[in-house]
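Take a look at the structure set out below.
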Amino acid sequence: MARPRVFSGIQPTADSFHLGNYLGALRQWVPMQETHDAFYCVVDLHALTVSPEPAQLRARTRVAAAQLFACGLDPERSTVFVQSHVREHTELTWILLCLTGMGEAARMTQFKDKAAKYGESAAGVGLFTYPMLMAADILLYQADQVPVGADQKQHLELTRDLAQRFNHRFGDTFTMPEPFIPKEVEKITDLQDPTAKMSKSSSSPQGILDVLEQPGPLRKKIMRAVTDTGSEVLFDETNKPGISNLLRIQAALTGTPIPELVARYEGQGYGTFKKDVAEAVVETFSPIRERTEKLLSDETELDRLLAIGAERAAAVARETMAVVRERVGFLPKL
Ligand code: TYM
């Protein structure tokens, strides 16, 4: 029997991925390449919505791809590619846009948050239509599963609605994708503001742990993470959001259940615990950083791997689009 298909994407909008990306998404991508037919995409079209400088976008796209391979994605087993290399993404987006209601798009909380942050008029139409581009990514590959963090849940629901609408109107075409959101790490929070999501657009770099950061700054940020009143290491999201976030991180990185960690640090205070969290983060990130640097030192080879990924992805995308074109009533070109 054919393996189920997995698709996921990540934006090249920073010089490094962060711990939220890593635990919420990337860490699930690696084992899934053993059990699924895996497609992973650096979504540079999405990144255009924040108006990057061309040279910066190009550099960050390579850094993003290098980090994906450095995290353990194997170009033999996974199709790793850059979104703009496969033209069908934009074509399917247009068709999905024509099936989306204004009200439906306006309800997307990520858009509302960003529009509130930058002002409604500064937020471009690209940002407004961002979720439909994401839906096109997923539906083009007939993905069964989509591993993402909790912040993408609403976009996945929209994707399912659009798939269902298309199938209902034009006949069965798209696979219904299921979100795969790992409960314990679905939302890693900011070290300086433990009620907010760790995010590239966060106001202070002190709150973010970057995958490519050196051990020194990583340790410092963790030791200075905002903690809560009291001194006991306890999991209590309401009263101790800072310590609870660190407990989730430590549990995920070391594979130790939270209750076991709580028992281990009983009577030891925050300092010892934070030091251990820092070690776990450094141990995880250092080899990824080193592999990323190595991959970036040979851009020709990196670009070659991405070209192979794009070829494989385009073959699937073309097949889907041939059906979609026929279904919506486009005249075949002789
Ligand atoms: P992006 O680039 O913002 O983030 C990449 C992945 O990281 C997850 N994530 C988090 N998980 C837990 N805690 C956090 N603090 C945290 N911050 C980020 C995100 O949920 C995401 O899974 N729209 C997507 C990119 C995309 C995509 C797709 C994803 C485009 N097309 C198709 C899946 C399928 C995004 O902005 O991710």
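Heavy-atom basis, side chains included; hydrogens, waters and symmetry copies ignored.
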Answer whether the closest heavy-atom distance between the side chains of [X] and [Y] falls below 4.5 Å.
| X | Y | answer |
| --- | --- | --- |
| Met32 | Gln145 | yes |
| Val211 | Thr284 | no |
| Val226 | Pro194 | yes |
| Pro177 | Leu139 | yes |
| Leu158 | Met132 | yes |
| Arg248 | Ser244 | no |

Is it the case that [X] and [Y] place a side-chain donor and acceptor less than 3.5 Å from each other?
| X | Y | value |
| --- | --- | --- |
| Thr189 | Asn245 | yes |
| Thr109 | Gln154 | yes |
| Gln11 | Tyr130 | yes |
| Asp276 | Tyr265 | yes |
| Asp161 | Thr159 | no |
| Gln33 | Asp74 | no |

Polar side-chain atom of [X] near backbone of [Y] as donor-acceptor pair, under 3.5 Å:
| X | Y | value |
| --- | --- | --- |
| Lys200 | Ala14 | no |
| Lys117 | Ser201 | yes |
| Tyr40 | Trp29 | yes |
| Gln28 | Leu23 | yes |
| Gln192 | Arg224 | yes |

Output yes when [X] and [Y] qualify as a salt bridge under the 4.0 Å nitrogen-oxygen rule, no when they do not.
| X | Y | result |
| --- | --- | --- |
| Arg60 | Asp15 | yes |
| Glu213 | Lys221 | yes |
| Glu301 | Lys294 | no |
| Glu186 | Lys153 | no |

Practice problem: Please name all residues satisfying ring-ring contact (aromatic ring centres under 6.0 Å, His included) with His18, sequence neighbours left out, ordered by chain then number. | Solution: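 Applying ring-ring contact (aromatic ring centres under 6.0 Å, His included) to His18 gives none.
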Practice problem: Could you check Phe39 against Arg5 for side-chain contact (heavy atoms from CB on, under 4.5 Å), going step by step and ending with a plain yes or no? | Solution: CA-CA 8 Å; Phe39 288 76; Arg5 174 89 40 91; 3.3 Å; yes
Quiz item: Can you list every pair that meets side chain to side chain donor-acceptor pair (under 3.5 Å) and has a residue in residues 309-331, with sequence neighbours left out?
Solution: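 Counting only pairs at least two positions apart or across chains, the side chain to side chain donor-acceptor pair (under 3.5 Å) contacts touching residues 309-331 are Thr79-Arg312, Glu91-Arg325, Thr173-Arg327.
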Exercise. Tell me, with the steps shown, if Val281 and Ile249 meet side-chain contact (heavy atoms from CB on, under 4.5 Å).
Key: CA-CA 8 Å; Val281 170; Ile249 293 170; 4.3 Å; yes
Self-check item: Audit row: Val282, Arg219, side-chain contact (heavy atoms from CB on, under 4.5 Å) steps and yes/no
Solution: CA-CA 8 Å; Val282 167; Arg219 289 198 181 95; 4.0 Å; yes
